[in-house]
Structure formats: structure tokens, C-alpha cells
There are 2 protein chains.
Amino acid sequence: MSLDTADGPTARLCAFIAELDFEQIPPRVVHFAKGLMIDWLGSALAGKGAHQVEMIDGFARAMGPADGPSIIIPTRRRTSPYFAAMVNAAASHVVEQDDVHNGSVFHPAAVIFPAVLAVAEAEKKTRREMLTACIAGYEVGIRVGEFLGRSHYEIFHTTGTAGAVAAAAAVGKLIGLDAAGLSHALGSAGTQAAGLWEFLRDAADSKQLHTARAAANGLFAAFLARDGFKGAAKILEGKKGMAAGMSSDADPARLTDGLGNRWVTEETSFKWHASCRHTHPAADALQLLMRREGLGPDDIADAVAHVHQGAIDVLGAVDVPQTVHQAKFSMGTVLGLIAVHDIADLDAFERHALTDTRVARFRAKVRMELDAEVDTLYPKQWVGKISVTAVDGRKLDARVDEPKGDPGNTLAKQELEAKAIRLAEFRGGATVDEMRRCIARIWKLDQPGRAVDLFAEP
Amino acid sequence: MSLDTADGPTARLCAFIAELDFEQIPPRVVHFAKGLMIDWLGSALAGKGAHQVEMIDGFARAMGPADGPSIIIPTRRRTSPYFAAMVNAAASHVVEQDDVHNGSVFHPAAVIFPAVLAVAEAEKKTRREMLTACIAGYEVGIRVGEFLGRSHYEIFHTTGTAGAVAAAAAVGKLIGLDAAGLSHALGSAGTQAAGLWEFLRDAADSKQLHTARAAANGLFAAFLARDGFKGAAKILEGKKGMAAGMSSDADPARLTDGLGNRWVTEETSFKWHASCRHTHPAADALQLLMRREGLGPDDIADAVAHVHQGAIDVLGAVDVPQTVHQAKFSMGTVLGLIAVHDIADLDAFERHALTDTRVARFRAKVRMELDAEVDTLYPKQWVGKISVTAVDGRKLDARVDEPKGDPGNTLAKQELEAKAIRLAEFRGGATVDEMRRCIARIWKLDQPGRAVDLFAEP
């Protein structure tokens, strides 16, 4: 890196990652990261058999090597790290149950773990190197998402864009790049960063393509950097960089906010409902209200979800969903599932979201309204507010300050494991026994020694 | 495609490409396209041994199959179409001699021919199918570049962004997608579209990464569409599509302008000087002036290139170039080569751009000024205007309305072939005999029968 570009937030971020040592990461953050990985593994397994994953895997079969060191999780086939990362990242985001960081509206697990796992297997890294690399990816990607801001997320799928940078940082750390090398990796990743929300209105398959490409492109960028391939030093904050092209409210201070003190990894939320995160606060608020008041779905005449603008932007496009995936972006459907079935997990979506007339009837009673307070607090805080008119004429309200799964309302170890096991079983991705073995191995990732095959027989 | 999205310019573009038949393409356009392919092949061969190409090829070796149906042009190694397209596209853009379309500031050859050639070999397509697919890529990609407009090009490398869409259209046509399939292909390509100019200030290697990714991502998108993978129907003009995210002056009418009557393929310019296209008009004007006035470099006290804003945006970052590649983006260096050596071809750059003190001396006399007329005509017309103060105090001007290589000032068949042969020889990419065989085969691509291996022994 030349001297005149060795300053600035991207450079400082790269220096932090280069120097990041497992020993200096607080144990509670390490522990939290293992939980994130368990949660992710469930999501990756739940993507088994999804047509998007099958098609991307088909491309990997046609264009990639027939064997290799890295596992494709849902099928256990092995191939090169590039294609393993690509297919696993596609699988991780299918069921909308992977983690999310509120402030950045970024889904880190779906892009970071696939890239790191694929390379750790190929390059025989240690368990601690693996964990450190994953945390590096979270610390970078979340800050990049926060930096790009709300204007970015209005049009761009941050998990595709910030995700490529996160994967590059994680793989770059894993393969031992120094600060200059990481700068090149981030430069090459940022200039490949892409992903547009346009697909939502058509129920198209792009979301899986975005995670697939982010993981694969980030990995590509890091490997190129190891060979000396140069990237832009200020790809994030430069005059013709990511923010210049794709954001109007980017704040460079966010790129380095609290580096080494504020561990954004542990700010990540687990997703409890199997729907788009933007529906969760209102779903929790409705559930609270109905339980508190003892109401059933037919006791409610109408329901208003008071939401932030981002929710309207992302969810507004879907009126009556045509696919289960689209249903996860339909506020009315999610609230209908909560109202009728008191649950909006994967099974509920599969069985009731499209065909249950009671859910459809409730959906027609729901509307969203922009709420100034919710909008101001977002994305730092995802407040759920609901107003209901009961059929008896009563006006009722409920509020949830932190949706279930958020850092202040996080999942217990048992909830987290049970969710991952349910996801693994959902499409036969893994048996309960297999999953228990994987979970036990992940809890031991802070111990010394080489990373082991998660799915190896005992 | 559902009915409510079956209109709009992207849909019309897809319908046009789906129905495009070789027989309906005017023979002069077919002939022109063959010239473009010859010109491209020279550029792809001239990329041999460049470190960016070697590194991307190294990744292809590590991550891709060791053999396959598709040729990597500079080395003649064979691999899967995906990696062949990727490496060849990287190679095509290295020496800055590949073609350009003025109105779109898009380099079509570098992304379209690599993708089409790789797939034509793998899927045993006919020569006419190949040519038709290439023309489809030009007709789509150029219009997408024009649509995205000047605001896009200020930050984004259009060859990376529009290039992914162009490659998807070309490969989609080649593999026989119908209009709906092409719509999905374009949707998946557009949501992967990326490439930022930030790398220029650091002399980073991203330009080759952009072409590599555009070709590979477009091919990926088309193959996914063949399997039924859905893309956004309005990825170009939709509210959360490419223009919404990456342009402030997009004009949807340009996407379908003159479809079937105006063949934008034949509006493409061949690059004569081995430098960034933004330097060519001024270089031609300076050459005209010095020849007309009989001036040598030491007769000139200062020179002002009157340019469009895009030239200042792209070239302004480079003051004193540190690499040959950067020198191609230095207006002062390009004018210095013309002034001192009367030529700015590949050899001149290699031998004189960085080390010739006379060139450096002339460079210090050059500055750029924004010119209202030039800026208004750009990008439809690239006018060259130069003002010189001679050491004897005279003020001299020259003007070139169409730089050499432009459609109205295009290369003769002999010039075109000679340029391609020089490029092939530049790094030993092919011998003169090999190149003559390739050229002969390309001139026959309008004939019936299966596409043949360009490099096969006679």
C-alpha cells in the first residue's frame, strides 16, 4: 500500500483485521460466534433441495471440478472451495432463518461461514483460525453495512454487497493476509459487490444468487490478493467507490466505530420467525397483544403495523403472495400465521401460508403505516408496534422494544440448538444425531488443534 | 413471464433477441461483426502473460476443472466454459486495444466474444449461431450502456455492469432461450452487475477483474435461466433495478431505440492508439496539428486538450504514471508519445511511456480543460480539440470530428488485420501464421456449418 493511501477507514479496518488475534477476542464474543455458526449450519442444511440451490449446484457440477477438499453441506458432495462456498451460501439464505445484524440490515452468516468453512477445509486451518476469521468477517461486514446506510439498502441487498467485502475479509484473515493484502482483497471484493432488490416483485430467485456470489466473489478477491492482485485502497469511502456509487448517506466513521472495543459480532440477532426480518417486530407485538387480551383471529377487525420506511420498501411490493418465499415478505401473511396459528416457523409457512383461508382472511385486515418513532430508531433498534381494532370496537395497542432473538432478548442455548436441529431436519439435511455431533464440534471450536470435518462419523 | 411484467423495454429487448434470426441481419452488419471478432482476438492474445491474467488463470486452475471443451486463448489450455470465458475476458482488456462503442462508453468485445466462444465450443453451435449470439450481445449491451447514461459511467465501469447483461443476452441467445428465458437471464445478470472506477487512482488490477466477472456472471445467468432460475423482469428499468441504484440520468427509451433498424453493432469503434479511449480525440488532433504545422515536441510550449467531463473524471486521477497501464490513462503521456514518437501503439507504451525523458517533458506541458461543445456532443460524438502555444508565441488549434477507428473513420480491412496480427505477436500469443488462419476462419463465420476451433492446425 502506498503511503498516501495508508490512512482512511478502510486502511484502519484492514490493519485491525490483520492484527486480530484469537487471544484478544473476549471469550463471550467467541462463545457468541459459535452460537452463530450452529444457527447458520441449520439454515444451510434447511436449504437442501430448494430449486435455487439445486440449480446453482448444477452449475457447479457442470463448470467446477468433480471432487475437491470442500464440502457442499446439503449433499455432502466435495468440490473446490470456490464452488463449495457458492453453493453453501445459496443454501444458507433460502429459508430466511439465518442471522441478521439490525444496524446494518446485513445477514452475515449466510456469506461468511460458507466462505470460511470451504477454505479452512482446503487449507487445513486450525479451529481457532477458523473462528477468528469468521469474527473478522462479522466485524468488517457489519460495519460496511452500517457505513453504506439506509439509502443503500433501499435499492441494494446489503448481504450481497457488504457480504462480498465481509467474505473477503474473513477469507483474507484465514489465509494470513497482512494489512496491505487485506486492502487489496477488500478492493477486489468491493468492486464486484452487487445485488438489487428488484427481484422481489417477481418472486425471482436472486436472493440466493446474491449470497452465492458474495461468498464466492469475496473468496476470489482474497485468493487474488494472496497472489499479489491489486485492489483499490479506498474501495469503500473513495470518490468512485462503493458509497459514492451506491449510497447517499454513507458515514465513514461507522467503518471503524469502536474497533476492538465494540464487538459487533455479538450484536447479531438470531431470527426466530421464518420470515423477512422486517416482519418480526410487528409479529412479536401482535403475539403479545393477542395473548395479553386473549383474542383470537376472528376477534380482530383490523390491524395496523406501525413500521419503519425500510419495511414498507421491502415488504410493500408483495400483496397476495404466490410462493412460500414471497409469503415471507408479506406482512399480512406473517401476522395471519401468528394470529391463526400462534407461530410463523418453517412448518407453518409450508403448511398454512398460501392455502389457509383463515390466514388469507386475516391478511386482508392488515396494513402497514410508517411510524416516525419506529423509523427514527431503525435500524439500530427494531421496535414492534401494533394497533388493533377489535370487532367489539375496542382500540388496542402493543409494543415490543426488542424482538425475540435480538441481543437483549437472545435465544437460550437450548432454543438455539433446538432451532438448528429443526432446520436440519426440515428437508432431511441432517439427522438429529448428525446435527448433535456437528453442534458439539462447533462448541469446541475455541480449543486448539486443526479444524475437523463437521460431519465426520464419530 | 407473468402478464403484468410482459411489457416495458426489457421485455421488448428480450423479445427482439429471442426472435433475432441470422437471415434478417443485414450482411454489412454481419461483416462488421466478423471484423470486431478479429480485432478482439488480437486483444485477447495480447493479454498473454499479463500478471492480472496469470493470476485469474491461476484461480481458474485451482478452483476449476483441469480440462474441458473451451479454450483459454493465450495458453490454449482447455477448461469449462465458465473459466474459459472468465480468463479470456480478463485477457481481452489488458492492452486497452479492444473495441468501444462511443455512445455507451462500453467495450463490448471484451465481455461478449469470450462468453460466446466458450459456450459455442462446449455446446457445438454453428458458425451462424455464434455470430448471431455475438450480435445479440452487442445490440443489448450497447443499449444498456446508453440507457445507464453518463451519471452511471462517472462511478461505474460500464463494461463491468452493462457487460454482464450483454454476456447474458449473448449466451442466452446462443443456447436458445426464448423471450421469457432471456428475461430471467438478464434479471440474474443485472443483479450481479458491478465494477467501480475507484481502482484507477491506485493503478489496481480491477479492470481485468471487471471484464472477467462480467463475462462469467453473464454466462452463469444464462445457464441458470435455462434451468428455470428466475430473475427480475425489470432489472434494468424497475424501481429497484440497475438504473434506480446506479444512475441518475437513465433513459428507458434508449433500451429499445431503433431495434431491428438501427444496428448498434456497426456503430462500434476500433481503438487505434493503445490507450484509454478518452485520450484518442485529443491525440488525433495533436497529431494533425503537428503534421500540419511541421512542429516537433520542442517547438511546443504548452498544449491544452479540450475535453468532455468524462475524460477529466477518468484521466484526472493520474498525474505522473507509475505503470504502463496507468500511462494509458495519462493524457500528458499519450500526447507526449504522439509528439515525440508520432505513435502511441503498444510498443511505444512499453518502450517510451515511463522512461523517455522527452515524453515526460512534454507531459508536463499538457493540461486538460473542460470544453462545453465537446462535452455536449459526448458520448455520441468524440470530438478532439487541441490548443497549442508554440515556443515562438503562435497560438494554434486543431480539431478532429471523428477519431481514427470510429465508424465514420473506420479501419480498412488491411489495417484491421494488421493490428490484430501485431497484437497477437506482441507477447507471443500467436504466430503470424496461426493468426492468419484464425482470421480466415473468422471471415467465414457467416457460412453454414459448425463452428470450428479457431486455432486448429490446417
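Lettering of chains follows the sequences in order, A, B, ..., and the numbering in each one begins at 1.
Considering only heavy-atom pairs separated by less than 4.5 Å from chain B, the leading option among A/Thr161, A/Ile155, A/Thr79 is A/Ile155. Heavy-atom pairs under 4.5 Å with chain B peak, among A/Ala66, A/Gly160, A/Ser70, A/Gly228, at A/Gly228. Heavy-atom pairs under 4.5 Å with chain A peak, among B/His210, B/His157, B/His51, at B/His210. By number of non-hydrogen pairs under 4.5 angstrom with chain B, the leading residue of A/Asp227, A/Ile235, A/Leu209, A/Leu224 is A/Leu209. Of the listed residues (B/Gly58, B/Pro81, B/Ala60), the greatest number of heavy-atom pairs within a distance under 4.5 Å of chain A belongs to B/Pro81.
Within residues 212-222 of chain B, the residues having any heavy atom less than 4.5 Å from a heavy atom of chain A are, in residue-number order, B/Arg213, B/Asn217, B/Leu219, B/Phe220.
Not one N or O on the side chain of A/Ser206 forms a donor-acceptor pair closer than 3.5 Å with the backbone of B/Ser188.
Neither the backbone nor the side chain of B/Ala164 comes within less than 4.5 Å of any heavy atom in chain A. Contact of A/Phe156 with chain B is made through the side chain alone, with heavy-atom distances under 4.5 Å.
The aromatic rings of A/Phe83 and B/Phe83 stand perpendicular to each other, their planes meeting at an angle above 60°, with 30° marking the opposite boundary.
Scanning both residues, A/Ala204 and B/Ala232, for their nearest heavy atoms gives CB-N, 3.7 Å. Here the shortest heavy-atom pairing between A/Ala194 and B/Ala193 reads CB-O, 3.4 Å. When all heavy atoms of B/Ala62 and A/Ser80 are compared, the closest pair comes out as O-CB, 4.3 Å.
Using a 4.5 Å cut-off on side-chain heavy atoms (C-beta onward), A/Lys230 and B/Asp202 make no contact.
Aromatic pair A/Tyr82/B/Phe59: centroids less than 6.0 angstrom apart.
A distance of 11.5 Å separates OG1 in A/Thr191 from CG in B/Asp205, rounded to the nearest 0.5 Å. If you take CD on A/Glu237 and CD on B/Glu198, they are separated by 7.5 Å, rounding to the nearest 0.5 Å.
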Please table the atom pairs, donor to acceptor, closer than 3.5 Å between any side-chain atom in residues 239-248 of chain B and protein atoms at least two apart or in another chain.
unit_1, atom_1, unit_2, atom_2, d
B/Lys240, NZ, A/Glu154, O, 2.9
B/Ser247, OG, B/Leu148, O, 2.7
B/Ser247, OG, B/Ser151, OG, 3.3
B/Ser247, OG, B/Asp249, N, 3.2
B/Ser247, OG, B/Asp249, OD1, 3.3
B/Ser247, OG, B/Ala250, N, 3.2
B/Ser248, OG, B/Ser151, OG, 3.3

